[in-house]
Enquirer: 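Below is a structure I'd like to ask you about.
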Amino acid sequence: TAAPLPYKVADMSLASWGRKEIDIAEQEMPGLMSIRAKYAAGQPLAGVRITGSLHMTIQTAVLIETLKDLGADVRWASCNIFSTQDHAAAAIAETGTPVFAWKGETLEEYWWCTYQALTFPGDKGPQMVVDDGGDVTLLIHKGVELEAGDRSFVDGKAGSEEEAVIQQLLLKVLAEDPQHWTKVAKEWRGVSEETTTGVHRLYDMMKKGKLLVPAINVNDSVTKSKFDNLYGCKESLADGIKRATDVMMGGKVAVICGYGDVGKGSAQSLRGMGARIIVTEVDPINALQAAMEGFEVTTLEDTLGRGDIYVTCTGNVDIITFEHMQKMKDQAIVCNIGHFDNEIQMDRLNTSDAIKLEIKPQVHKYTFPNGNAIFVLAEGRLVNLGCATGHPSFVMSNSFSNQTLAQLDLWENRDKYAVGVYVLPKKLDEEVARLHLEKIGVKLTTLSPKQADYIGVSVEGPYKAETYRY
Ligand code: NAI
């Protein structure tokens, strides 16, 4: 087959702007920078082929350059059609790292980019994968299953436009080379997964006995989900809605669907600007938490006609249905901050009799026959990455330190790991937090030996039992 392309990005003239912002981000990412300082000399990932599928932002550029500093041979794609920051992609391409990502890809382009990112010269696949949402993992698994004779995915009725695109890609590759995915998967040794939704997919494959490689669930490091999902969304949700609409948040009624980590951060984000928050939940524990925080908790149906802003944060499907949107207050804003766009019934809205008007890219007004209109942001995809620039560097340094430590651990212990889904040990979780203290002037108290003994921990940690929930 033809040699893989060197890169494909929107505009290489943005590279120097991207580089300046990467320089700023490095100052805010002490975890990644100290991992570089500690490990670069030893080159623990020397020559290891790593494919990344994770929002191609400035912060991700710092992750990519960290992996490269440790010796890795990296190829990258974004994990969302709208989340690439074109100046970040250009800066990475300029260093000679193959990156395939631009803001505003079509679904065909998105899956083409993913395919490019996992095709190394010589028809080789990755040895390691950094995934966010599990699309690389999904593609390789579906390809290998197909080549092993399981046609159920490609012959099944596509559940969405995107699934049809994946089916076509798999069939095209199969026609060109019936052993392609088997070759790609041959030297694959592990994946580290960034987000809640991707982690669900991994556990599901594990349960069905289909998982091919050991996986580290980065999301459930405390220094990931209790920081990125929570404090990251706290800052980036309001940013996304503001950049898209400039709407006044104070006094508005905002409906937060789902009160997990992302929902908690999202509720705080809009409350911080004076919005009045309503939460919807299915889990009595989370519903009670929201109520104890002072939020009204009710069903979505109950909010129709009074909600001004709707945000889905569940990682679940069909949260906001077409019927809900028809009954919303005129000028309501609808957006999603969960990983996939199926939280809102976008397919039904787009094929309905509502008239769609583009205000600007990623901001659309839909007018219903009765004259009422709603605004949908980022076409139902993650609003913080589609309409703003995602989470700030400091919080992503925590997430990506976990990613890097997961890659190091999986690679170093590749012959010891059995196929399964693992989380990093608490000691490393505490280490990631520790790396971020100095930057913000935090002074830790040291346990006396008597105190350590009294609470049954060691002076150096870990400080909590595995059951502790933070
Ligand atoms: P989580 O599991 O902590 O929270 C989801 C919550 O939604 C749960 O409490 C669940 O009970 C609730 N829920 C499920 N179905 C519901 C329904 N029908 N109605 C109301 N509530 C319902 O998950 P987490 O970590 O908060 O992640 C949520 C989503 O956000 C995932 O897709 C994740 O991948 C994504 N994510 C997005 C980020 C971003 O920057 N945009 C950052 C981190 C995660």
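Computed over heavy atoms, backbone and side chain alike; hydrogens, waters and symmetry mates excluded. We number each residue from 1, following the sequence as shown. Ligands are counted one by one from 1 in listed order, and the atoms in each one are counted from 1 as well.
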Enquirer: Could you state the interatomic distance from CH2 (Trp76) to CZ (Phe100), rounded to the nearest 0.5 Å?
Expert: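 With rounding to 0.5 Å, CH2 (Trp76) is 13.5 Å from CZ (Phe100).
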Enquirer: Could you pull out, from Thr195, Val317, Leu300, the option with a heavy atom nearest to atom 33 (C) of ligand 1?
Expert: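 Minimum heavy-atom distance to atom 33 (C) of ligand 1 goes to Thr195.
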Enquirer: Between Thr195 and Gly198, is there a donor-acceptor pair closer than 3.5 Å when you use the side chain of the first and the backbone of the second?
Expert: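 The answer is no, because no donor-acceptor pair under 3.5 Å joins these two groups.
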Enquirer: Among protein heavy atoms, which sits nearest to atom 2 (O) of ligand 1, and what does the distance come to when rounded to 0.1 Å?
Expert: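 Its nearest protein heavy-atom neighbour is Thr196 CG2, 4.1 Å.
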Enquirer: Any carboxylate oxygen within less than 4.0 angstrom of a Lys/Arg side-chain nitrogen, looking at Glu430 and Lys427?
Expert: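 No, Glu430 and Lys427 are not salt-bridged.
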Enquirer: Classify the contact between Ser225 and ligand 1 as side chain, backbone, both or neither, using a heavy-atom distance cut-off of under 4.0 Å.
Expert: neither
Enquirer: With heavy atoms under 4.0 Å as the rule, classify the contact between Asn286 and ligand 1 as side chain, backbone, both or neither.
Expert: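 Side chain only; the backbone of Asn286 stays clear of ligand 1.
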Enquirer: Between Ser225 and Val222 (side chain of the first, backbone of the second, donor and acceptor by atom type, cut-off under 3.5 Å), is there such a pair?
Expert: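 Not a single qualifying donor-acceptor pair exists.
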Enquirer: Taking the six-membered ring for Trp and the single ring otherwise, decide whether the centroids of Tyr470 and Tyr468 are under 6.0 Å apart.
Expert: yes
Enquirer: Taking 4.0 Å as the limit for heavy-atom contacts, which would you say applies to Thr197 with ligand 1: side chain only, backbone only, both, or neither?
Expert: both
Enquirer: Which residue and atom name correspond to the protein heavy atom nearest atom 9 (O) of ligand 1, and how close is it?
Expert: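 Closest protein heavy atom to atom 9 (O) of ligand 1: Glu281 OE2, 2.6 Å.
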Enquirer: Which heavy atom in Pro214 sits nearest to a heavy atom in Tyr422, and how many Å separate them?
Expert: CB-CE1, 4.2 Å
Enquirer: Should the heavy atoms of other residues, nucleotides or ligands under 6.0 Å from NZ of Lys356 be counted, would the total exceed 12?
Expert: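 Atom NZ in Lys356 is packed in, count exceeds 12.
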Enquirer: So for Gly232, does at least one of its heavy atoms come nearer than 4.0 angstrom to any atom of ligand 1?
Expert: no
Enquirer: Counting only heavy atoms, which portion of Thr314 has something under 4.0 Å from ligand 1: side chain, backbone, both, or neither?
Expert: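 Answer for Thr314: both.
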Enquirer: If you round to the nearest 0.5 Å, how far is OG1 of Thr51 from CZ of Arg75?
Expert: 7.5 Å
Enquirer: What part of Asp228, side chain, backbone, both or neither, has a heavy atom within less than 4.0 angstrom of ligand 1?
Expert: side chain
Enquirer: Can you check whether Asn384 has an N/O within less than 3.5 Å of an N/O in ligand 1?
Expert: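 Yes, Asn384 has an N/O under 3.5 Å of an N/O on ligand 1.
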Enquirer: Can you list the ligand 1 atoms lying under 4.0 Å from a non-hydrogen atom of Gly338?
Expert: 29 (C), 30 (O), 32 (O), 35 (C)
Enquirer: Give the single entry among Ile256, Ile337, Val297 that approaches atom 41 (N) of ligand 1 most closely by any heavy atom.
Expert: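 Considering heavy atoms of Ile256, Ile337, Val297, the nearest to atom 41 (N) of ligand 1 sits in Ile337.
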Enquirer: Of the backbone atoms (N, CA, C, O) and the side-chain heavy atoms from C-beta on, which set of Asn316 has a member under 4.0 Å from an atom of ligand 1: side chain, backbone, both, or neither?
Expert: side chain
